[in-house]
Engineer: 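Mind looking over this structure? Questions follow.
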Amino acid sequence: MDARGPEAPGGCALRDAAENLFQELQEHFQALTATLNLRMEEMGNRIEDLQKNVTDLMIQAGIENSIKEQTLKT
C-alpha cells in the first residue's frame, strides 16, 4: 500500500516523463564527463610533449646548464 495516497490523474505519466528526462540527463552528463576526461588527458600529453621540446631546444642551444644554475639560485 502506498503511503502517498491515490495518484492524481496524469501523475504516472508525469513521473515517467520526469524519470526519462533524468535518465537522458544522466547519460548526457556521463558522455560529457568522458569527453572532458579524454581532453584533459590529451592536454596533459601535449604539455609533456611541449616540455620535452623545450628541453631539447635548450640542449641544442647549449643553455641547459645555465637554466639549472639559475633554478638552483632561486
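Keep in mind the model is a prediction, meaning the values are calculated, not measured.
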Engineer: Classify the side-chain pair Glu27/Gln23 by whether it contains a donor and acceptor separated by less than 3.5 Å.
Structural biologist: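 Yes, Gln23 and Glu27 have a side-chain donor paired with an acceptor closer than 3.5 Å.
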
Engineer: Between CG of Leu57 and NZ of Lys52, what distance do you get to the nearest 0.5 Å?
Structural biologist: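 The NZ atom of Lys52 is 10.0 Å from CG of Leu57, to the nearest 0.5 Å.
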
Engineer: Measuring from Gln26:CD to Glu19:CD, what's the distance to the nearest 0.5 Å?
Structural biologist: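 With rounding to 0.5 Å, CD (Gln26) is 12.0 Å from CD (Glu19).
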
Engineer: Can you measure from CD (Gln30) to OG1 (Thr33) and round to the nearest 0.5 angstrom?
Structural biologist: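 If I round to the nearest 0.5 Å, the distance is 7.5 Å.
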
Engineer: Please determine whether residues Ile63 and Leu50 belong to a single hydrophobic cluster, defined as Ile, Leu, Val, Met, Phe, Trp and Tyr linked transitively by side-chain heavy-atom distances below 4.5 Å.
Structural biologist: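 Yes; tracing contacts between hydrophobic side chains, which count when under 4.5 Å, links both residues.
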
Engineer: To the nearest 0.5 Å, tell me how far Leu38 CG sits from Met40 CE.
Structural biologist: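 These two atoms lie 11.0 Å from each other.
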
